[in-house]
Amino acid sequence: MYGLVNRALQQLVCAHHGQRTWDTIRAKAGVADEVFVRMDSYPDEVTRRLVAAASEVLEAPADELLKGFGRYWVRYTMVEGYGALLSDLGPTLHDALAALDAMHARVALLYPALKPPSFRLSGVTDDRMSLHYHSERGGFAPMIIGLVEGLGERYQLRVEVVHAEARGEDCDHDRFDIRIVGRTDPVQDKAVA
Ligand code: HEM
């Protein structure tokens, strides 16, 4: 994956646990890079090994880390200068989820070797929908829960996201069932904006 992703992981860990913990994780993962170049492409294995090592060192399940990383990604991409891409996603969460492929197509103009995931919505009602996640990669599905929660916060919505179907022999993609359960409180909104 592009260095942008590994940089975000590094910053998330450093912000909560400090540089020394990150160095321990990096050593355990056997990753030599002290910094990741945003626009350089790194083998997916680097990201996978970092997540696995972080899980061991922080004594937290990898799925939980990926979920937290998904939430962080929404804020991180804004701070890194991609806020306009998120703002252009549309006026509602439904619009935003339906526009994810078009958004990644715009990202691919900046990152030409991008291998973006692909999403499809089904069963859309006022407060429920299913998000179908297709990817060339395996193992990153838990990220979607945090990504959708983080995206929901941008629309001042609290959402419940359930990993309803995992890809496997019977199904070539993951399905997430999403329910809008309320609105976020104004104080939290300010922190996110
Ligand atoms: C402005 C915001 C965003 C930017 C700039 C961005 C950019 C990227 C980049 C650079 C990658 C790495 C892919 C590669 O190196 O081949 C990536 C992967 C990914 N993105 Fe986005 N993204 C954004 C928002 C989102 C959102 C809102 C979602 C979902 C709700 C999402 C879902 C994913 C997933 C699941 C992956 C990695 C796993 C896979 O390949 O299946 N992204 N994105």
Side-chain angles (χ1 to χ4, degrees), residues 1-12 33 36-52 62-63 65-122 124 129-155 157 159-168 171-178 180 192-193:
M1 284 212 251
Y2 270 108
L4 185 72
V5 175
N6 299 328
R7 275 179 83 94
L9 195 58
Q10 179 173 7
Q11 286 199 19
L12 178 62
D33 310 69
F36 296 101
V37 180
R38 274 184 197 79
M39 305 205 61
D40 277 4
S41 216
Y42 295 81
D44 289 349
E45 269 317 292
V46 170
T47 315
R48 283 184 217 292
R49 290 208 308 267
L50 287 169
V51 171
D63 286 8
L65 293 180
L66 282 168
K67 184 176 152 186
F69 181 63
R71 280 183 82 102
Y72 181 69
W73 183 247
V74 177
R75 272 180 287 141
Y76 177 82
T77 46
M78 262 170 38
V79 174
E80 285 290 306
Y82 303 103
L85 287 173
L86 290 174
S87 304
D88 288 352
L89 280 173
T92 69
L93 178 63
H94 294 63
D95 295 325
L97 293 172
L100 287 174
D101 285 10
M103 186 219 62
H104 276 116
R106 287 175 71 191
V107 174
L109 298 175
L110 303 167
Y111 294 85
L114 195 80
K115 289 190 284 177
S118 179
F119 297 92
R120 181 173 59 81
L121 277 180
S122 73
V124 177
M129 69 208 94
S130 294
L131 183 69
H132 302 258
Y133 160 59
H134 295 259
S135 174
E136 285 187 29
R137 310 179 167 97
F140 293 96
M143 249 179 94
I144 307 293
I145 297 176
L147 279 161
V148 174
E149 287 174 355
L151 208 51
E153 276 180 9
R154 282 185 58 80
Y155 294 91
L157 294 175
V159 293
E160 195 181 83
V161 187
V162 175
H163 193 180
E165 187 163 17
R167 88 178 190 190
C171 188
D172 67 349
H173 69 279
D174 296 87
R175 191 185 92 231
F176 295 84
D177 290 347
I178 300 168
I180 296 172
V192 171

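Atoms within each ligand, like the ligands themselves, are counted from 1 in listed order.
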Can you tell me how far the [atom1] atom of [X] sits from the [atom2] atom of [Y], to the nearest 0.5 Å?
X    : Y    : atom1 : atom2 : answer
E160 : I180 : CD    : CD1   : 11.5 Å
Q11  : Y72  : CD    : OH    : 4.5 Å
S87  : M78  : OG    : CE    : 7.5 Å
R137 : T47  : CZ    : OG1   : 7.5 Å
R120 : H132 : CZ    : NE2   : 4.5 Å
L100 : L85  : CG    : CG    : 11.5 Å

I need the atoms of ligand 1 closer than 4.0 Å to a non-hydrogen atom of [X], numbered in the order shown.
X    : answer
K115 : 14 (C), 16 (O), 40 (O)
V107 : 4 (C), 5 (C), 7 (C)
M103 : 2 (C), 3 (C), 22 (N), 23 (C), 24 (C), 25 (C)
S135 : 39 (C), 40 (O), 41 (O)

With a 4.0 Å heavy-atom cut-off (strictly under), which part of [X] contacts ligand 1: side chain, backbone, both or neither?
X    : value
I144 : side chain
L97  : neither
T77  : side chain

When you measure from the side chain of R154 to the backbone of V74, do you find a donor-acceptor pair of N or O atoms at a distance under 3.5 Å?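 Side chain of R154 to backbone of V74: no pair is present.
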Describe, in one word, how the ring planes of Y82 and Y111 are oriented to each other, choosing from parallel (under 30°), tilted (30 to 60°) and perpendicular (over 60°).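 Rings of Y82 and Y111: tilted, 30 to 60°.
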Which word best sums up how the rings of W73 and Y76 line up, parallel for under 30°, tilted for 30 to 60°, or perpendicular for over 60°?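 The arrangement is parallel - the two ring planes meet at less than 30°.
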Would you mind finding which of [options] brings a heavy atom closest to [atom]?
atom                    : options         : value
atom 1 (C) of ligand 1  : Y133, F119, Y82 : Y82
atom 18 (C) of ligand 1 : P117, G150, G3  : P117
atom 23 (C) of ligand 1 : Y111, W73, Y42  : W73
atom 22 (N) of ligand 1 : M78, M1, H104   : H104

Protein contact to [atom] [nearest heavy atom, distance to 0.1 Å]:
atom                    : result
atom 40 (O) of ligand 1 : R137 NH1, 2.5 Å
atom 10 (C) of ligand 1 : L114 CD1, 3.4 Å
atom 15 (O) of ligand 1 : Y2 N, 2.8 Å
atom 29 (C) of ligand 1 : L147 CD1, 3.6 Å
atom 12 (C) of ligand 1 : V5 CG2, 3.7 Å

Work out which heavy atom in P142 is nearest to a heavy atom in L66; give both atom names and the distance.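 The answer is CB-CB, 3.9 Å.
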Flag side-chain contact, heavy atom, 4.5 Å: M143 against Y133: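 They are not in contact (no side-chain heavy atoms under 4.5 Å apart), so the answer is no.
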For ligand 1, is L100 a contact, meaning one of its heavy atoms is under 4.0 Å away?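 Yes, L100 has heavy atoms under 4.0 Å from ligand 1.
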